[in-house]
Structure formats: C-alpha cells, structure tokens
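Counting starts at 1 for both ligands and their atoms, following the listed order.
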Amino acid sequence: MSVLIKNGRVVTAADDYHADIYIEGERIALIGKDLQVNADKVIDATDRLVIPGGIDAHTHFDLPFGGTHSADDFETGTRAAAWGGTTTCIDFALQTKGESTLKGLDTWHAKADGKATIDYGFHMIVTDMPDERLPEMERLALAGVTSYKLFMAYPGVLYVDDGTLYRAFRQAGENGTRIQMHAENGIVIDEIIKEAVRDGKFEPKWHGLTRPTRMEAEGVHRSIAIAEVAKVPLYIVHLSCSDALDEVKRARMRGVDVIAETCPHYLFLDMDYYFQEGFEGAKYVMTPALREKWNQEVLWQGLAMHHLETVATDHCPFCMVGQKDLGKESFTKIPNGAPGVENRMSLIYDGGVHKGRMIVNRFVEITSTSPAKCFGLFPRKGTIAVGSDADIVVFNPNRTETISYDNKRTHHMNCDYSAYEGFEVTGWSEVVLSRGRVIIEDDSQVTQGGGQFIKRARCGELLR
Ligand SMILES: [Zn+2]
C-alpha cells in the first residue's frame, strides 16, 4: 500500500514548507515538491497543514480506581484518540503492591493486545520497590518500558515514601531511564480532607478546596531535589498551577533535567466548575484539582516560553451514572479523572495558535515532538521525515467545531459527558494516518484495530 499526500503545508517542530509526501508501507519514503509518483491512494491536502500525529503521553485506559474501572478500554480509548488526531498513546501499566512490576506489565499487555487502533507504549506505575526487586527495572527497560511513575499522593493506595522514591530514582538513573512524578503532598492533603469531612463538607467542590496549590508545589520541589541528588531525569506529570511551575523554572535555571507536562483541563477549565449546581462538579473531580482561573495564562506562557514542554490529557474517564455517582454522599468517593484524549489537538491548536499564544511549530512540538523525544519514540515518531513512521494528520486550521457529547464528530469516548461541553474550537484533524494506514477520513472511521505496542528507547537514545 502506498499513499501520496499532495499540496499540503508540512509543519514540524522545526520546519514549515509546501511539499508532497509519499508513503510506502508504514513509513515515509519521499518528501518533495510536485512528486511524480504513482500511489494506491492520493490525498489532497490543499490549504491544510500536514503535521505529525499527536502523541498523548498520559492516558489511563481500563484502569482500576476507587472500586471501578476507567470507562475507556484500549479499543474505545485509542479509537477516540485517533478521531482527535492522536496516533500514539503512552498508557500506564500498574504494579500491584508486593508483586512484580513485570507481572503488572503482562496484565497491561493482555488488556491492550489486539484491541488498539493506534500505536501505544507503557509507562510503569511503581507502588513499591524493595532492594531485591530493583533489577526488575532493567528488565522493564529491555522490554521497552523506559519510564516509571511514582506517587506522592493517594496514601494507602499508590503513595510511596521518600526512601522508595530515592531507591527507584537511583536505579532509573543508572539504567538511563526517566522518572515521572505525581507531585502532590498526599499526606498533608489527606489531613485537610479529614478536617473537611469532620466538618460535614461533602459536596464535589470540597475536592478542589482540599488540595492547595502549595502542596503541589512542595511535591514538585521535593521530587526535583531527590532527582537531582539521585541523578535521574525527571518528568512532572499534570502540572496544574503557577506555584508548581515556579519550582520547575527554578530547577531548570540551575540546569536540572526536569521536564513538565500540563493538561488541557488546566488550560481551559478552572475551579468555578466545582461550584455548579447539584452534583455537576463531580465531572471535574480529577487530581490535581482545577485551579483559580488566573493560573491558565501562566501555563500558556510556560508552554510558549519552553518552561512547560508537553501537553497530555491524563485521560481517565468515569461516567456520571454508575461511576462518578459512587461519590454522591461524599466527594472522597468520587473516582478521580476526566475524559479528554479526543479533544487535545483541537483544543491546543485553538488556544495556542488560533488565539495567538504560540507559533504553529510550537503546537506541533508540545503535542507530538517533545513527548516523542522525552519518551524514546523519536525520530520514528514525533516528526515528518524520510524513514519516520507515517503517523500523519491532515489538519484543517480553519475548520470550527463545537465540542459536545451530542456532536458525533467530537465525542467517541466511552463517557456519558464531555468535559468541554459547548467549547468552540478552530483547528480540526481531518485525515489521520497511523503507520500509513488511513484511520479517519471524511468524518468517518475507515480502519479499526492494527495498533501495535512500541518498545521505547532510553533517554538520549534514538528509536529507528
Ligand atoms: Zn494520570
């Protein structure tokens, strides 16, 4: 199978030019002006951007949480991602405390195998790491899992103490791999939650009011300090606020290898969403919580100025009926997470490029190239180049859509609400290719399945 994409404006993190792209099999074979080649399929990209497929480095498909599972599995989740112009997700495999991380990896392979429509990788969530099991981390790296997420939040569930952090950080650093941090002081937050519950405060808004930004900033500061001493590259997931960003900026100024990610919900939604009528606020119960609105502009600036390097969704959907309503009586029982994997590319193009906050190359960088470089997928993914996977989006920068649960073009996630209901976005993924296969075209899905697990490279190594 060969595909020719004609007359498009090719945009990567570095370049912006008009050219044709010829794809042979799964990879890009030729890029040039007015290519004279025969192809099985020709796509006209006149007046369209041709960009590398999005990489969402933070999704949770089929994740057990709070007595239920995130509503999207690898089939529905990767399909929704493809609709939104994302062609690779990096999901999180979970280690059960006291058991091998390799067993956790097997479990996640079984969940994903044969179900995905786009390519995927795994980070490993580490919930304990005694000395005798440290060699597992090298075996994970050899299996293509080169990043490990640890939690300072959720005591009794995912939380690990600072000693465990240090041990895992040291080993990851020695192996040439990266640590990801959920940086929030969960011990203190739990005390604040207890106070709220004692005072009879049970509505969803108390989720937001019991997680101060200072406790996120403290977690960011502490994890950076430990990473610096342990000599490991660090990645702060879902950074939500100005206080936390200040800590990242300070560390980067003194040369620490710390990269931070933010999410669309911190750029577009704010704390006021918790104060809606009735139980509506439960839709936005996620961690870290939504912040005061003024933080949004600080995060956008951080993205434009390279203090923040990636935008990922932390897609972790729970339906209002049957899942979120587990917390009707108390915010502490509301499953944490929100849908978003489908809406990221349009939201960030709209808020970033269309609204004039960044140039188009930076949009490509934060949604695709940076996550590819950070997590060992580059240059196979994250750019448009001869030899790279033909993960390509033909993107219409002028098309406007209104995101809604009821809009058949904007909602394929298996979730009974949209977190961005009614948001009008300009910028739309029209044709989506994954390794040369057309997945989305003419507002319909033409391919199902075929996504593969990608073994990722270590820090600083290239994936070919
Ligand atoms: Zn997450």
Review point. When you look at Leu303 and Leu267, which way does the side-chain contact (heavy atoms from CB on, under 4.5 Å) test go after all the steps?
Key: CA-CA 10 Å; Leu303 285 167; Leu267 296 164; 3.9 Å; yes
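Classified by interplanar angle (parallel below 30°, tilted 30° to 60°, perpendicular above 60°), the ring pair Phe363/Phe395 is tilted.
Cation-pi geometry between Lys373 and Phe378 is met: the NZ or CZ atom falls under 6.0 Å from the ring centre, inside 45° of the normal.
When the side-chain hydrogen bond (donor to acceptor under 3.5 Å, both in side chains) test is applied to Gln296, the partners found at least two apart in sequence or on another chain are Lys293. For Thr164, the side-chain hydrogen bond (donor to acceptor under 3.5 Å, both in side chains) partners two or more places apart in sequence, or in a different chain, are Asp161, Arg167.
Within the sub-2.8 Å shell of the Zn ion (ligand 1), the protein contributes these N/O/S atoms: His58 NE2, His60 NE2, Asp314 OD1.
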Side-chain donor-acceptor pairs under 3.5 Å in residues 279-286, sequence neighbours left out?
{"from": "Glu280", "atom 1": "OE1", "to": "Lys283", "atom 2": "NZ", "distance (Å)": "2.8"}

